[in-house]
Amino acid sequence: MSAGKLQQQASQHMCSLKGSLLTLAILTLISFAYLPINSLQSSSSSSSSISSPLLSSSVVKQPQEGTVIETETETNKEGKLFEDEISDLYYLPQIFKLNYEAMERDFKVFIYPDGDPNTFYQTPRKLTGKYASEGYFFQNIRESRFRTEDADQAHLFFIPISCHKMRGKGTSYENMTIIVQNYVESLIAKYPYWNRTLGADHFFVTCHDVGVRATEGVPFLVKNAIRVVCSPSYDVGFIPHKDVALPQVLQPFALPAGGNDVENRTTLGFWAGHRNSKIRVVLARVWENDTELDISNNRISRATGHLVYQKRFYRTKFCICPGGSQVNSARIADSIHYGCVPVILSNYYDLPFNDILDWRKFSVILKEQDVYSLKQVLKNMSDDEFVSLHKNLVEVQKHFQWNSPPIKYDAFHMVMYDLWLRHHVIKY
């Protein structure tokens, strides 16, 4: 046989082998995508650890002498109960559970120690008011198991500079930008960690509107680091696959959480607030005098009675949440807390945890142009649809509550989970 024919046959065999390997790879991916997670659990008693966060809770641990072994049946039962409880609210609930457990066990964050806590660094300004989320995060990260003193063990690095504290001290936007830039540049010069990824494994947290403006003047920070912000708008450079939407929560809440009280909710829709955005002006102009929608073109005065504003949430089915000076509003978290189904009326808004929670199962999401048909949209909701939204809303309340110290599945842990997901795409 000629050398040419031998080469041709060898080439054909090689193509056939490549085709077979490609087919096998595709079948393997399909099996991982569609087989139940429980079927992925190893039956080998020699497995002691699995590094993949996806399969973290399927680890079979070697029993110590005299210990009781937790059976796979018990673990599977727990996972099944979790899936049944939240399957309507979470994307891939069982995957969420496994990843969450891996996060709790493995995730480590290094906090840069530089900066005077009495100025703009390290500690929160306060844990109250509409920017409380920023303060709680600064405090929670130090109270949590995620903090590590060993930078070499860290998955992410926290830049602890607070624009809220700057605002509280009357710092101008221009000086804020200079302070942020100088601080970050000092960290880059002092430590080796930023330069490994050009900051891709670093993050900062800001809830105040000024945080967006203060950091806009530091393009290398905005472009490279993870921004955890309360103003996650696509039209101000928010990058959904990189950045994290921080829920804006006004705490402490004035009244207890509402829920499981649909029979008391007789008002169709409610909104009261400042007209500090175009959509709020239109909302007030179109619906202010409507007899079924309770729409006020200004905040409710305290002179009208004690906690009148908050009590209206209790008796309303749908609470309208238009964007203010930014797309976000603390009114969304208020609505969730008081059991009033939020109606998101804002464009370009990357909602908090929307890669984890299916917001359409516990809220109504509209474009700003839908304001003119708002009443009809809400009236078209059947009683069963409203009851389902309300029931699901009660289930997610725990995710929009900050605690000190933090507790499982609260707002802090959900933000950390989003950061945990982000860190997996960083390689160095």
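Of the possible polar contacts, none joining the Q401 side chain to the H337 backbone as a donor-acceptor pair under 3.5 Å is found. In this structure, T177 contributes its side chain and Y173 its backbone to a donor-acceptor pair below 3.5 Å. Not a single donor-acceptor pair under 3.5 Å links the side chain of H399 to the backbone N or O of V396. Of the possible donor and acceptor atoms, none in the side chain of R145 sits under 3.5 Å from a partner among the backbone N and O of D106. Checking side-chain atoms of H155 against main-chain N and O of K108 turns up a donor-acceptor pair under 3.5 Å. Judged by distance alone, with hydrogens and angles left aside, the side-chain atoms of T119 form a donor-acceptor pair with the main-chain N or O of D116 at under 3.5 Å.
Shown here is K130, whose NZ atom has no more than 12 heavy atoms of other residues, nucleotides or ligands within 6.0 Å. In this structure, D383 places its CG atom where only 12 or fewer heavy-atom neighbours from other residues, nucleotides or ligands lie under 6.0 Å away. Counting non-hydrogen atoms of neighbouring residues, nucleotides and ligands closer than 6.0 angstrom, the OH atom of Y191 exceeds 12 such neighbours.
For N403, the side chain to side chain donor-acceptor pair (under 3.5 Å) criterion is met by D410, not counting sequence neighbours. The side chain to side chain donor-acceptor pair (under 3.5 Å) check on T171 picks up nothing, with sequence neighbours excluded. For the side-chain contact (heavy atoms from CB on, under 4.5 Å) test, residues two or more places apart in sequence or in another chain that qualify with L307 are A254, L255, Q310, K311.
Side-chain contact between D243 and V229: absent, with no pair of heavy atoms (C-beta onward) separated by less than 4.5 Å.
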Problem - CA sep, side-chain torsions, deciding dist, call: E288, S296, side-chain hydrogen bond (donor to acceptor under 3.5 Å, both in side chains) - result: CA-CA 6 Å; E288 182 179 5; S296 302; over 6 Å; no
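Aromatic ring centres of Y183 and Y121 lie closer together than 6.0 Å. Aromatic pair F270/F318: centroids not less than 6.0 angstrom apart.
No donor-acceptor contact under 3.5 angstrom links the side chains of Q251 and T128, judged on distance only. In this model, no donor atom of one side chain and acceptor atom of the other lie less than 3.5 Å apart for H202 and Y193.
Geometric assessment of K317 against the ring of F386 yields a positive cation-pi assignment under the 6.0 Å and 45° thresholds.
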